[in-house]
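To start, the structure under review is shown below, and the notes come after it.
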Amino acid sequence: MKRYWKYIRPYLGAFILAPVLMLTEVFGEILLPRLTSMIINNGVLVRDETYIVKMGIIMVLIAVVMAIGGIGAAYFSAKASISFSTDLRKDIFHKVQEFSFKNIDDFSTGSLVTRLTNDIQQIQNVVMLTLRMMFRAPGMLIGGLIMAYLMNRQLVSILLVVIPVLVIIIAIILIIAFPRFEAMQKKIDRLNSGVQEALTNVRVIKSFVRESHEEEKFQATNRDLKEGSLNAMKVVITSMPLMMLMMNITTIAVVWYGGNLIIAGKMPVGDLTAFTIYIVQILMSLMMLSMVFLQASRAMASLKRVKEVLDTEIDLTDEHASQKSAQITAGKVEFRNVCFQYDKDDLVLDHISFTANPGETIGIIGATGSGKTSLVQLIPRLYDAGEGEVLVDGINVKDYSIRHLRESVGMVLQKNVLFSGTIEENLRWGNEAADLDEIVLMSESAQAHGFISSFKDGYNTDLGQGGSNVSGGQKQRLCIARTLLKKPKILILDDSTSAVDTATEAKIRQSFTTTLKDTTKFIIAQRIGSVENADKIIVLDEGKIAGIGTHGELMETCEAYQEIYYSQKDREKEAGA
């Protein structure tokens with residue numbers, strides 16, 4: 001609980017006031033049946049209208065106080081629980097932002113969405129319910145038992161039989177419920193992941209006419225969630241009728257036994273009425289507690305999932321960085337005998353060594369799966385090398401603060417990501433302080449200014465979610481412009497011009513000679529034409545360097561490079577024919 005105290009402390013007043021104000025309702029609930037019995041015994045039976053009116057006014061005043069207390073308790077419990085969940089959600093989102101790529105790989109996106117929404121909502125609900133029932137249910141249970149005992153000890157013996165039975169029923173329900181609720185939350189994960197994937201890739205689905213396939217997948221996942229939900233809800237559905245059955249049986253037993261006591265002259269009529277109400281209150285309080293426990297059971301499953309996120313150990317931190325204040329000034333990159341693998345898979349990179357001097361353009365080429373993207377991801381520490389060292393300006397990347405390191409590295413990923421908002425807002429991700437002239441200049445360098453100007457609203461054009469209203473090539477150029485605005489010391493282009501025609505690509509590369517003259521550039525490409533003018537070209541083959549040098553040198557010495565070159569030339573000839 002120490003972990004969650006930080007979410008309670010700022011709203012401690014609300015956490016205290018909610019259950020305290022609920023006590024006014026409890027006192028009212030306990031007093032009203034007794035007053036009712038007094039009206040019947042001392043007013044109705046002796047026809048004393050003055051007494052009836054006086055007690056009636058007292059009961060109305062008590063009801064008003066109860067209403068005020070109930071409203072206050074509801075408000076403060078809502079304030080406390082919503083504030084609690086808001087702060088918890090903020091911390092989870094912050095933790096996810098700190099995740100490394102490896103940490104993100106451990107959770108599906110759908111699962112993280114569920115934990116930030118549905119799981120937090122379940123926790124919020126149980127906090128609110130607990131605050132409202134913390135004193136109400138136990139107060140009614142204890143108060144009702146005391147009042148019933150004072151009125152008639154013989155009738156209380158019926159409760160001594162019923163209450164243990166109810167407690168056993170509640171315990172059995174909880175034991176069955178917890179694993180079912182946990183399984184249900186996992187099925188919500190799968191549904192969210194499927195929905196997100198389908199909506200994100202809806203254009204691909206339509207282009208391949210796979211709507212029916214996706215609908216079948218969704219129906220299967222949805223049906224699985226339905227069955228899981230029903231399986232969990234069976235417990236809730238069963239618990240309420242069982243509780244009501246026990247309550248009705250107890251009420252009948254009390255009325256029958258109490259009726260005999262009245263006939264025998266051992267109990268006033270009003271006392272039986274009040275006792276019956278107390279019986280209902282006692283059993284209702286047990287039902288309330290059972291509902292709290294059921295909700296808590298589901299919330300515990302959600303809390304466990306939230307805790308998994310909060311307890312995730314971030315594998316990339318500044319904790320052991322020895323030069324946190326160091327800044328990258330030149331952009332020299334050196335790999336020294338670097339090995340890398342994902343989890344326990346085979347080596348993705350096998351003893352990689354090379355040097356990229358400041359301002360050089362390094363081309364990286366190789367077959368799919370040869371480790372090109374994995375290699376460049378080690379420079380900004382999206383992953384850490386398993387063996388060897390990656391150095392920037394002579395300093396191991398692990399010794400820089402992650403913030404300083406990544407501020408100096410600009411990276412255009414294979415998957416181009418744009419955000420909801422205008423073109424200008426998206427470009428300012430590279431530099432929030434950039435003025436419009438600077439934005440236009442970098443857009444020109446990325447060959448994006450032309451198509452941006454063709455839009456009616458220009459740089460104020462709204463891109464929609466994920467840049468849905470621009471083409472793949474336009475997305476790539478916007479992402480390049482955004483990265484250029486960052487003015488990085490090291491630029492990484494991961495196959496980021498694959499959707500751009502060769503003429504436009506050549507213009508983009510040409511602009512780098514002026515715009516990024518002193519920047520060290522890494523260009524991953526499938527086409528040799530994209531890298532043949534690079535200062536160095538690294539050829540990767542199954543995670544190893546098959547060759548390194550200029551285009552001319554590799555054509556003479558590297559068989560793997562020659563194969564790629566001639567196969568591409570053959571395809572160009574076939575396409576031309």
Side-chain angles (χ1 to χ4, degrees), residues 13-82 125 127-152 155-156 159 163 240 243-244 247-248 250-252 254-255 258 262 267-292 295:
F15 274 90
I16 292 172
L17 282 171
V20 168
L21 286 172
M22 188 55 69
L23 281 175
T24 59
E25 278 202 350
V26 173
F27 288 133
E29 295 277 8
I30 298 302
L31 286 174
L32 287 178
R34 182 56 182 162
L35 295 177
T36 301
S37 72
M38 291 169 65
I39 289 175
I40 294 171
N41 293 335
N42 304 327
V44 175
L45 295 179
V46 298
R47 301 179 183 275
D48 187 343
E49 293 184 7
T50 303
Y51 184 83
I52 294 172
V53 171
K54 182 177 73 172
M55 296 304 292
I57 292 171
I58 293 172
M59 292 178 74
V60 169
L61 291 174
I62 291 173
V64 170
V65 173
M66 288 173 63
I68 294 170
I71 292 169
Y75 169 76
F76 285 112
S77 63
K79 180 181 178 180
S81 59
I82 292 171
N125 290 343
V127 170
M128 184 185 296
L129 189 61
T130 300
L131 287 173
R132 298 185 70 173
M133 298 300 171
M134 184 185 296
F135 290 155
R136 182 181 176 84
M140 284 177 60
L141 176 63
I142 296 168
L145 281 170
I146 291 171
M147 294 299 289
Y149 180 79
L150 293 174
M151 294 184 72
N152 194 297
L155 288 177
V156 171
L159 289 173
I163 290 177
M240 192 58 68
M243 296 288 184
M244 291 299 296
M247 186 171 72
N248 291 331
T250 306
T251 304
I252 291 169
V254 167
V255 171
I262 291 171
M267 186 178 189
V269 175
D271 285 8
L272 179 59
T273 303
F275 196 94
T276 305
I277 296 172
Y278 284 129
I279 291 296
V280 172
Q281 286 182 355
I282 292 165
L283 297 178
M284 284 298 293
S285 68
L286 284 171
M287 290 175 65
M288 289 178 197
L289 285 172
S290 71
M291 290 308 298
V292 171
Q295 287 293 331

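Treat the numbers as computed from the prediction; the structure is a model and nothing was measured.
Taking CD1 of Ile58 as the start and CG of Leu35 as the end, the distance is 7.0 Å to the nearest 0.5 Å. Note that CZ of Phe15 and OG of Ser81 are 7.5 Å apart. Values are rounded to the nearest 0.5 Å. One finds the CE atom of Met140 at 13.0 Å from the CE atom of Met147 (value rounded to the nearest 0.5 Å). Taken to the nearest 0.5 Å, the CD1 atom of Ile62 stands 5.5 Å off from the CG atom of Leu32. Summarising the geometry, atom CG belonging to Leu17 is positioned 11.0 Å from atom CG belonging to Leu131; distances are rounded to the nearest 0.5 Å. Between Asp48 atom CG and Met55 atom CE the span is 11.0 Å, to the nearest 0.5 Å.
With sequence neighbours excluded, the residues that form a side-chain contact (heavy atoms from CB on, under 4.5 Å) with Ile57 are Val53, Leu61. Every residue two or more places apart in sequence or in another chain that forms a side-chain contact (heavy atoms from CB on, under 4.5 Å) with Ile16 is listed here: Leu12, Val20. The side-chain contact (heavy atoms from CB on, under 4.5 Å) test applied to Ile146 returns Ile142, Leu150, not counting sequence neighbours. In this structure Arg34 satisfies the salt bridge (charged side-chain N to carboxylate O under 4.0 Å, His left out) test together with Asp271, sequence neighbours excluded.
The backbone N or O of Ile30 sits less than 3.5 Å from a side-chain atom of Tyr278, completing a donor-acceptor pair.
Pairs of residues two or more places apart, or lying in two chains, that qualify as side chain to side chain donor-acceptor pair (under 3.5 Å) and include a residue from residues 128-147 are Glu25-Arg136, Glu29-Arg136. Applying the salt bridge (Lys or Arg N to Asp or Glu O under 4.0 Å) definition to pairs two or more places apart or across chains, none involves residues 57-79.
When all heavy atoms are compared, the tightest approach of Leu21 to Gly72 is CD1-C, 3.6 Å. Taking both residues in full, the closest heavy atoms of Ala14 and Ala80 are given as CB-CB, 3.9 Å, listed atom of the first, atom of the second, then distance. Contact record, Met22 with Ala73: CE-CB, 3.4 Å, taken as the closest heavy-atom pair. The shortest heavy-atom contact between Ala78 and Met128 is CA-CE, 3.7 Å.
More than 12 heavy atoms of other residues, nucleotides or ligands lie within 6.0 Å of OH in Tyr51, so this atom counts as buried by the packing criterion.
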